Amino acid sequence: REGILSILALKHDSTLDCNLPLADRKPYMVFNDQQRYVRMPSIPAAAIKQVRQQQSCSFNDVLLAAFTGGLRRYLMAKREQGQLTSRTVCKTFMLIGLPRPVDPANPSVSLANNILTPAVKLPIEVPEPRTRLQQTVAACNDLKSASFLMGIKLTSKLLTAVLPTGIMKSLASEAVTKCTANFTNLPFPDVPCTLCGQEIKEVQCVFPNILPQISLISYNSNVHWNLVANPALFPEPEALGKFVLEELSVLASS
């Protein structure tokens, strides 16, 4: 039930400096070909693990909370404090990988993605970092619940099975307009790797999207990440990276 309602009851985010005005999001958003890739400062995995141990949450929970706090700081630095209120709504899509079948007779099924892309609320309206983290953890735990995963998975399968492709495209296009960003975190080895005899120093995932795309890869004791977005929405993207590190530092010391 929870998963089904999350799809059917999705509403538009509040208008913020980091998303388009509501009028430009309805009925569908138009892809902007002026997307800009910005490499962000790497995040030490040790700091993330410290917060994770203190708060008994997951690695991804801490990353999402740090991004949420960094985004709040970024928005607060651009406008007056009155922009963010208790009624402010900001969501991101977040990729969740599901187990894939392993069939030696048909290995191709193991190579195909099996993912869900639910929307998760970012508590950017909450002023206190620890409370933001707690609310982020609670939201992520809801996404991981069996009832949510089963509901959204069954709903997705049902809709794709009975609806014409044209209607499915319209529903997907409309759903995209109701969130502010897309957030994905991928794990890589936690030790140095080599390619053609050379050590790989850093790994980045670059993905142009209709929404601002935040892509993170954990590799060799660091999280390397970037933002791909319309520069009109993030005219000073480097500041976002600085604010994310600030948020993580506050969480680690609290």
Side-chain angles (χ1 to χ4, degrees), residues 12-25 29 32 34-44 47-48 50-51 55 60-94 119-137 139-140 178-185 204 206 208-216 222-254:
H12 287 95
D13 280 0
S14 305
T15 298
L16 302 164
D17 285 342
C18 59
N19 59 26
L20 294 174
L22 188 56
D24 294 337
R25 287 180 264 161
M29 293 172 60
N32 185 298
Q34 301 300 313
Q35 304 282 327
R36 181 171 60 172
Y37 159 80
V38 181
R39 175 183 174 273
M40 295 296 183
S42 298
I43 305 172
I48 300 169
Q50 179 183 344
V51 179
Q55 302 299 320
N60 195 67
D61 291 344
V62 179
L63 278 175
L64 188 58
F67 171 74
T68 300
L71 182 59
R72 173 185 168 83
R73 293 167 186 264
Y74 180 83
L75 294 173
M76 295 286 283
K78 292 186 65 178
R79 282 198 179 184
E80 296 296 329
Q81 187 170 354
Q83 182 195 19
L84 303 178
T85 70
S86 60
R87 301 180 65 180
T88 298
V89 177
C90 179
K91 300 184 299 295
T92 182
F93 289 109
M94 187 170 69
V120 57
K121 183 178 181 297
L122 304 179
I124 62 170
E125 77 284 1
V126 176
E128 206 278 315
R130 178 70 68 87
T131 305
R132 281 197 297 271
L133 172 61
Q134 293 170 345
Q135 292 192 13
T136 301
V137 172
C140 289
K178 296 179 179 179
C179 288
T180 293
N182 194 58
F183 183 95
T184 183
N185 175 36
Q204 293 281 355
V206 183
N209 202 337
I210 196 167
L211 293 173
Q213 174 70 40
I214 300 93
S215 302
L216 308 94
N222 283 286
V223 175
H224 307 289
W225 68 294
N226 65 77
L227 170 72
V228 178
N230 180 350
L233 300 179
F234 286 91
E236 302 176 67
E238 295 80 5
L240 176 62
K242 181 190 73 171
F243 288 136
V244 168
L245 290 176
E246 284 184 5
E247 181 77 2
L248 183 61
S249 177
V250 171
L251 290 174
S253 61
S254 60

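Keep in mind the model is a prediction, meaning the values are calculated, not measured.
Across every non-hydrogen atom of Gln135 and Val126, the tightest pair is OE1-CG2, 3.5 Å. Among all heavy-atom pairs drawn from Thr180 and Pro212, the shortest one is O-CD, 3.1 Å. Contact record, Pro231 with Gln34: CD-O, 3.1 Å, taken as the closest heavy-atom pair. Between Leu211 and Cys179, the shortest heavy-atom distance links the atoms CD2-O, 3.4 Å. Smallest separation of non-hydrogen atoms from Ala66 and Leu248: CB-CB, 4.4 Å. Of all heavy-atom pairs spanning Tyr37 and Val206, the tightest one is CE1-CG2, 3.7 Å.
Between the Ser14 side chain and the Val89 main chain, a donor and an acceptor come within less than 3.5 Å of each other. Between the side chain of Asp13 and the main chain of Lys91, a donor-acceptor pair closer than 3.5 Å is present. Looking only at distances, no side-chain donor or acceptor of Gln213 sits under 3.5 Å from a matching main-chain atom of Val228. Using modelled atom types, no side-chain atom of Trp225 and backbone atom of Gln204 make a donor-acceptor pair closer than 3.5 Å. In this structure, the side chain of Arg25 does not engage the main chain of Lys178 through any donor-acceptor pair within 3.5 Å.
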Worksheet item: Between Gln55 and Val137, does a side chain to side chain contact (heavy atoms under 4.5 Å, CB included) hold up when you go through it step by step?
Response: CA-CA 9 Å; Gln55 302 299 320; Val137 172; 5.8 Å; no
Practice prompt. Apply side chain to side chain contact (heavy atoms under 4.5 Å, CB included) to the pair Val244 and Tyr74, showing each step before the final yes or no.
Written response: CA-CA 9 Å; Val244 168; Tyr74 180 83; over 6 Å; no
Item to complete: Decide yes or no on side chain to side chain contact (heavy atoms under 4.5 Å, CB included) for Phe67 and Leu122, but give the supporting numbers first.
Response: CA-CA 9 Å; Phe67 171 74; Leu122 304 179; 4.0 Å; yes
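The structure places CG of Leu227 at 4.5 Å from CE of Met40, a figure rounded to the nearest 0.5 Å. Taking CD1 of Ile124 as the reference point, atom CZ of Arg132 lies at 10.0 Å (rounded to 0.5 Å). Taking CZ of Arg73 as the reference point, atom CG of Leu245 lies at 11.0 Å (rounded to 0.5 Å). From Phe243, atom CZ reaches atom CG of Leu75 across 10.0 Å, with rounding to the nearest 0.5 Å. For the atom pair Ser86 OG and Glu125 CD, the distance stands at 7.5 Å (nearest 0.5 Å). The distance from atom OG1 of Thr92 to atom CG of Asn182, rounded to the nearest 0.5 Å, is 5.5 Å.
Using a 4.5 Å heavy-atom cutoff, the side chains of Leu16 and Thr88 are in contact. Counting heavy atoms from C-beta outward, Met76 and Leu84 have side chains that approach closer than 4.5 Å. Taking 4.5 Å as the limit, some side-chain heavy atom of Asn60 sits within range of a side-chain heavy atom of Met94. Counting only heavy atoms from C-beta outward, the side chains of Cys18 and Leu240 never approach each other to under 4.5 Å. Under the 4.5 Å side-chain criterion, counting only non-hydrogen atoms from C-beta, Pro123 is not in contact with Arg72. Residues Pro129 and Leu133 are not in side-chain contact: their nearest non-hydrogen atoms beyond the backbone lie 4.5 Å or more apart.
For residues 228-246, the set of pairs meeting the side chain to side chain donor-acceptor pair (under 3.5 Å) definition, not counting sequence neighbours, is empty.
Judged purely by distance below 3.5 Å, without hydrogens or angles, the side chains of Ser254 and Arg130 pair a donor atom with an acceptor atom.
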